[in-house]
Structures are given as structure tokens and as C-alpha cells.
Student: 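This is the structure, below, for whatever I ask next.
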Amino acid sequence: MGFSVALPNDVDRGVAPHIQVVNPVGSGDTLMGAFAVALERTMDDACALAFAMAAATANCLSPATGNFDPQVAQEVRNQVKVHRLA
């Protein structure tokens, strides 16, 4: 799974680790919500993207829709790769 974002300072692509998906429903909403939270917390662009990708990936690992374990998201965060595109 990947996600690209263009912001005023750069264009980045985040790539999530390969996982065995349990339930992907709500993961896009989770990604966008987590990205908004990260920007509100004034994380830099790459960190915000990684934070959001980790939350969305954790959501895919949860059997519940739109509900994930923050600890899982924190563990996944170290496996998310962010590449600057421009």
C-alpha cells in the first residue's frame, strides 16, 4: 500500500510494509484522519505521512472497522518508508 501527498514544501510517497490484511474497511479514513492529526501536531511532512501510513496499516490489521491498536501503529511506524519525490 502506498500514498503520495503534495504539500507546499515537497512531494512525498509513503510505502507501508507488506502485511496480511485482516480488515481494510476504514483504512483510507484512518489515513486521512491521522494525517490531519499529524499536521495539527506540527510534524514535518515526512513524519506526518509515516504517522498516517502506520495508523492505516494498523487499521488493516484489526478485525474491527475503523478501530486500531495505537501500539501496533507505533510498531508499524518504523517499517513505513517515505520517499521524497520532488
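Keep in mind that this is a model prediction, so the values were computed, not measured.
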Student: CE of Met53 to CZ of Arg13: how many Å apart, nearest 0.5 Å?
Tutor: 7.5 Å

Student: Taking all non-hydrogen atoms of both residues, which atom of Ala52 and which atom of Ala34 are closest, and how far apart?
Tutor: CA-CB, 3.7 Å

Student: Ser62 side chain to Asn67 main-chain N or O, any donor-acceptor pair under 3.5 Å?
Tutor: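 Yes, Ser62 side chain to Asn67 backbone: donor-acceptor pair under 3.5 Å.
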
Student: Give me the atom names and distance for the closest heavy-atom approach of Ala56 to Leu31.
Tutor: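 Closest heavy-atom pair between Ala56 and Leu31: CB-CB, 3.8 Å.
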
Student: For a 4.5 angstrom cut-off between non-hydrogen side-chain atoms, does Val15 reach His83?
Tutor: yes

Student: For Ser27 and Pro24, indicate whether the former's side chain and the latter's backbone hold a donor-acceptor pair under 3.5 Å.
Tutor: yes

Student: Suppose clustering is done on Ile, Leu, Val, Met, Phe, Trp and Tyr with side-chain heavy atoms closer than 4.5 Å. Which residues sit in the same group as Val37?
Tutor: Met43, Phe51

Student: Report yes if some heavy atom in the side chain of Val11 is under 4.5 Å from a heavy atom in the side chain of Val5; otherwise report no.
Tutor: no

Student: Going from OG1 on Thr65 to CG on Asn59, what distance comes out if it is rounded to the nearest 0.5 angstrom?
Tutor: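 Answer rounded to 0.5 Å: 7.5 Å.
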
Student: Can you name the closest pair of heavy atoms from Ala54 and Val80 and give their distance?
Tutor: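 For Ala54 and Val80, the tightest heavy-atom pair comes out as N-CG2, 4.0 Å.
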
Student: What's the separation between atom SG in Cys47 and atom CG in Leu39, rounded to the nearest 0.5 Å?
Tutor: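 It is 11.0 Å, given to the nearest 0.5 Å.
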
Student: Can you tell me which residue pairs pass the salt bridge (charged side-chain N to carboxylate O under 4.0 Å, His left out) test with a partner in residues 56-84, sequence neighbours excluded?
Tutor: Asp10-Arg84, Asp12-Arg84

Student: Rest of the hydrophobic cluster containing Val25 (Ile/Leu/Val/Met/Phe/Trp/Tyr, side-chain heavy atoms under 4.5 Å)?
Tutor: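 When side chains under 4.5 Å apart are linked, Val25 ends up in no cluster with other residues.
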
Student: For the residue pair Ile19 and Cys60, establish whether any side-chain heavy-atom pair is separated by less than 4.5 Å.
Tutor: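 With C-beta onward as the side chain, the pair touches.
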
Student: Is there a chain of hydrophobic side chains (I, L, V, M, F, W, Y, each step under 4.5 Å between heavy atoms) that links Val72 to Val21?
Tutor: yes

Student: State whether the number of non-hydrogen atoms from other residues, nucleotides or ligands found under 6.0 Å of Gln71 atom CD is greater than 12.
Tutor: yes

Student: To the nearest 0.5 angstrom, please state how far the CG atom of Asn23 sits from the CG atom of Leu61.
Tutor: 10.5 Å

Student: List the atom of Gly66, the atom of Thr30, and the distance in Å for their closest heavy-atom pair.
Tutor: CA-OG1, 4.5 Å

Student: Check the pair Glu40, Phe35 against side-chain contact (heavy atoms from CB on, under 4.5 Å), reporting the backbone distance first and the verdict last.
Tutor: CA-CA 9 Å; Glu40 180 65 24; Phe35 191 69; over 6 Å; no

Student: Minimum heavy-atom separation for Val82 and Ala50, please, with both atom names.
Tutor: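 Closest approach of Val82 to Ala50: CG2-CB, 3.9 Å.
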
